[in-house]
*Asks:* 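Structure incoming, see below.
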Protein chains: 2
Amino acid sequence: MKSAGKSNPEKRNATSEDVAQLAGVSQATVSRVFAGGANVSEKKRKKILDAAAELEYKPNAQARSLITRKTMMVGIIMRNIKDPFYSAVLEIFHTRLSPLGYQLIFNNSENEIIEEWEIAKLLEFNVEGIIVTDALLSEGATRKLKRSGIVSILFNRHAEGLNCSAVYCDNYLAAQQIATYLVEMGHRSFAFISGPRNTSTTVDRLKGFQEVLRERNIKELTIIPGTYTYESGFKSAQELLTRNKKIDCIFCGSDIIALGVMDAARLVGFRIPEDLSVVGFDNIRMLGWTPYPLTTWEQPLEDMVTSTVELLLKEIDDKNAAPRIIAMKGRLVIRNTVRKKK
Amino acid sequence: MKSAGKSNPEKRNATSEDVAQLAGVSQATVSRVFAGGANVSEKKRKKILDAAAELEYKPNAQARSLITRKTMMVGIIMRNIKDPFYSAVLEIFHTRLSPLGYQLIFNNSENEIIEEWEIAKLLEFNVEGIIVTDALLSEGATRKLKRSGIVSILFNRHAEGLNCSAVYCDNYLAAQQIATYLVEMGHRSFAFISGPRNTSTTVDRLKGFQEVLRERNIKELTIIPGTYTYESGFKSAQELLTRNKKIDCIFCGSDIIALGVMDAARLVGFRIPEDLSVVGFDNIRMLGWTPYPLTTWEQPLEDMVTSTVELLLKEIDDKNAAPRIIAMKGRLVIRNTVRKKK
DNA sequence: ATCTATTTTGAATACGTATTCAAAATAGAT
DNA sequence: ATCTATTTTGAATACGTATTCAAAATAGAT
């Protein structure tokens, strides 16, 4: 049992009832002024607004949501907030949702697949939707959300038959275009230092990349899965390059991985791009930094967030809308880590 | 007016009333089971839990908070989420607050001083507390929060007479120790590339740093304020070093600034640490990366968050507790960007 | 001034829970 | 078996709002 604390006689916040009394109207009319929409005579409206200002009245969001069945809250579950790509994602989501009156409940998870227990609290708080970045929802979690009438959207992932909307960058197409570019620049011996092996992200990119190599009859592709971190990229590249000096070019699963790869390569003695080409993915802001002029694939971050929010709102409005999976294009950003081989 | 959407007959979530009916008890008893604390006979408790499981019942947080006057929500306002130091801060706050049942409402702000309008929504949502990182609250905002019974705590800032608790790293002490170390390493000509000029962070550090220089009768200190970004550090250093080749050592307001400084210095032709020493502040994870073996001041991040949360809980429990300002020590982390001058 | 159509208003109610208070049930002692 | 002390229970209520429904007020036409 919790102590109630030594708080004051608890001066409570003003309620619509208090405002009504001071303004000499009914609570219903006060509510009409603040809920908007309904007609209130100018005279009373002014009285009410004055009274509200004097009492510093603000509507109580919990009481309101009990009636309207709209909590105006959205949960966001992030797995990789330390990656600057995802810091940016969070910031943009806030920028988009805040003007719409939605509050963003932040959640962290270490898990590749979000299970039911991780969303239990969000369910109790009746968020209207959940955005999951860089992770999947378990089948159980998806079902539970569906039954509870809570919209869920995967950001930067997608999953077959999960009955859940998703917005992601078309990794298959991106990898194809990257591979084509690299082959045209004369490279023949590749490595793909990727994120976790079985995620859609990795699978799609590998598929696109391999397809191009196959068409051109290029056999040399070493695949090294890992995590989306500098350290993982560093370690993978270090091992790879001390073992196999013949690699022409490394395609990285993310920019952060690529930074680790570049540092490891230089340490082992490779010059970039003279001895080794490196390509990243995401186009994080750090690529403007001197040591890392990385050629990369830009994800259309702003547009991806915009689409996600649109989808979210639409499904909140119509819970029976069929899930949609939106693949967005990106573009190759050429900097200075891919050389042209003669 | 919003369309209600084409939603289903809206299958509503189960309520305690539904559970009570199925279990053959009163709503009050169901509530007792889920609110905890009160006595309920084992027989009924089991019946209720079974019924709840069958109906997938979960308490409604909004309805609950209306009664208990506890929303179990905390707002966090961040100004610099792109800085990896603050990404880490956010992650740790979530890690600490989540097990306590608190939800974290994320807010972004560009502003150095948070005004009333920026916290208005958090007030409507009746968060129990607000954590402000890397920014201040305006006097108006502070007063308003106080009157509304909402706890506020500054993280990594403090302000005289703002009547608001704060947890920060003792920047004065840190700067003194850094300065002492640098002087002992033989440096005599300094620059301080800082964050915004009038923040407590900058003021305290400058004071500590200058004090040591004065004691040793060292006059050369160029002060260049800016923002806590790579770009700001880069630009400041570039201008400084092309103009003034005699600088021995640059003390930076944050690691991110230091990274920009190092890259700019190298571009201008300085070797680090042979020609120029650089010291950072924060000890972000990136300093493990090859190009940036930065000597820096480590902020006791985990402990700072822990203290902030403790303070938060205590003040939530006792709204009349006097604000406390907690300064925490850190430690010098010596890597490889400060040379010993003969 | 009178009548009708329209707008504005307030009383009553519901949202889903926790808690109070008194009654009922149970446990424990003899 | 009876009586008392303790535990368990349910009915009633309150939290603060939005909305419904019917009544009151107003606007507009003649």
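Lettering follows sequence order; numbering is per chain, from 1. Here the structure is a predicted model, which is why all the values come from computation and not from measurement.
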*Asks:* Taking only Lys NZ, Arg NE, NH1 and NH2, and the carboxylate oxygens of Asp or Glu, determine whether Arg79(B) and Glu110(B) approach each other closer than 4.0 Å.
*Replies:*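 Answer for the salt bridge query: no.
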*Asks:* Output the rounded distance in Å from CG (Asp18(A)) to P (dT17(D)).
*Replies:*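 My rounded result for the distance is 9 Å.
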*Asks:* Considering only residues two or more places apart or on different chains, which pairs with a residue in residues 132-151 of chain A satisfy ring pair (Phe, Tyr, Trp, His ring centres under 6.0 Å)?
*Replies:*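 Pairs touching residues 132-151 of chain A that pass the test: none.
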*Asks:* My understanding is that a pair needs two contacts under 3.5 Å, Watson-Crick or G-U wobble. By that rule, which nucleotide pairs with dA25(C)?
*Replies:*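 The base-pairing partner of dA25(C), which may sit in any strand shown, is dT6(D).
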*Asks:* OP1 or OP2 of dA18(C) sitting under 4.0 Å from any side-chain N/O of Ser16(B)?
*Replies:*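 Result: no.
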*Asks:* Quick one: is dT9(D) close enough that its OP1 or OP2 comes under 4.0 Å of any side-chain N or O from Ser26(B)?
*Replies:*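 Looking at the OP1 and OP2 atoms of dT9(D), neither is under 4.0 Å from any side-chain N or O of Ser26(B).
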*Asks:* For dA18(C), does the base pair up with any side-chain atom of Gln27(B) as donor and acceptor (N or O, under 3.5 Å, distance only)?
*Replies:*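 Such a pair is found, so the answer is yes.
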*Asks:* Would you say a side-chain N or O of Arg69(A) is under 4.0 Å from OP1 or OP2 of dA14(C)?
*Replies:*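 Arg69(A) to dA14(C) OP1/OP2: no side-chain N or O under 4.0 Å.
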*Asks:* Please confirm whether the shortest side-chain N or O distance from Lys70(B) to OP1 or OP2 of dA18(C) is below 4.0 Å.
*Replies:*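 Negative; the distance criterion is not met.
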*Asks:* dG10(D) phosphate, OP1 or OP2: any side-chain N/O from Thr29(B) under 4.0 angstrom?
*Replies:*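 Yes, Thr29(B) has a side-chain N/O under 4.0 Å of OP1/OP2 on dG10(D).
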*Asks:* With a 4.0 Å cut-off on N to O distance, would you call Arg96(A) and Glu302(A) a salt bridge?
*Replies:*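 Salt bridge present between Arg96(A) and Glu302(A).
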*Asks:* Side-chain N or O of Thr15(B) less than 4.0 angstrom from OP1 or OP2 on dG16(C)?
*Replies:*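 For dG16(C), OP1/OP2 do not have a side-chain N/O of Thr15(B) under 4.0 Å.
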*Asks:* Would you please say whether a donor-acceptor pair under 3.5 Å links the side chains of Gln62(B) and Asn126(A)?
*Replies:*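 The answer is yes; a qualifying pair exists.
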*Asks:* Determine which nucleotide pairs with dA1(C), using a 3.5 Å limit on both distances of a Watson-Crick or G-U wobble pair.
*Replies:*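 Partner of dA1(C): dT30(D).
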*Asks:* If the threshold is 4.0 Å, N to carboxylate O, is there a salt bridge linking Asp50(B) and Lys46(B)?
*Replies:*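 Between Lys46(B) and Asp50(B) there is a salt bridge, with a charged N closer than 4.0 Å to a carboxylate O.
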*Asks:* Look at Lys43(B) and dT8(D) and indicate whether a side-chain polar atom (N or O) is within less than 4.0 Å of OP1 or OP2.
*Replies:*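 Answer is no, no contact under 4.0 Å.
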*Asks:* Answer yes or no: side-chain N or O of Arg32(A) and base N or O of dG10(C) forming a donor-acceptor pair under 3.5 Å.
*Replies:*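 For Arg32(A), whose side chain was compared with the base of dG10(C), there is a donor-acceptor pair (under 3.5 Å).
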*Asks:* Base, sugar-phosphate, or nothing for Ala35(A), non-hydrogen atoms under 4.0 angstrom?
*Replies:*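 Sugar-phosphate, backbone atoms only, no base.
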*Asks:* Once you apply the 3.5 Å cut-off to both distances, tell me the Watson-Crick or G-U wobble partner of dT19(C), or none.
*Replies:*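 Pairing partner: dA12(D).
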*Asks:* Tell me, which of residues 57-67 of chain B have any heavy atom that sits under 4.0 Å from an atom in DNA chain D?
*Replies:*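 Heavy-atom contacts with DNA chain D come from Leu66(B), Ile67(B).
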*Asks:* Would you call Arg324(B) and Glu315(B) a salt bridge, using N to O less than 4.0 angstrom?
*Replies:*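 Salt bridge flag = no for Glu315(B) with Arg324(B).
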*Asks:* What about the rings of Phe106(B) and Phe93(A), do their centers lie closer together than 6.0 Å?
*Replies:*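 Here the rings of Phe93(A) and Phe106(B) have centres that are no less than 6.0 Å from each other.
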*Asks:* Ignoring backbone atoms, test whether Asn39(A) places a side-chain nitrogen or oxygen under 4.0 Å from the OP1 or OP2 oxygen of dT7(C).
*Replies:*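 No, outside the criterion.
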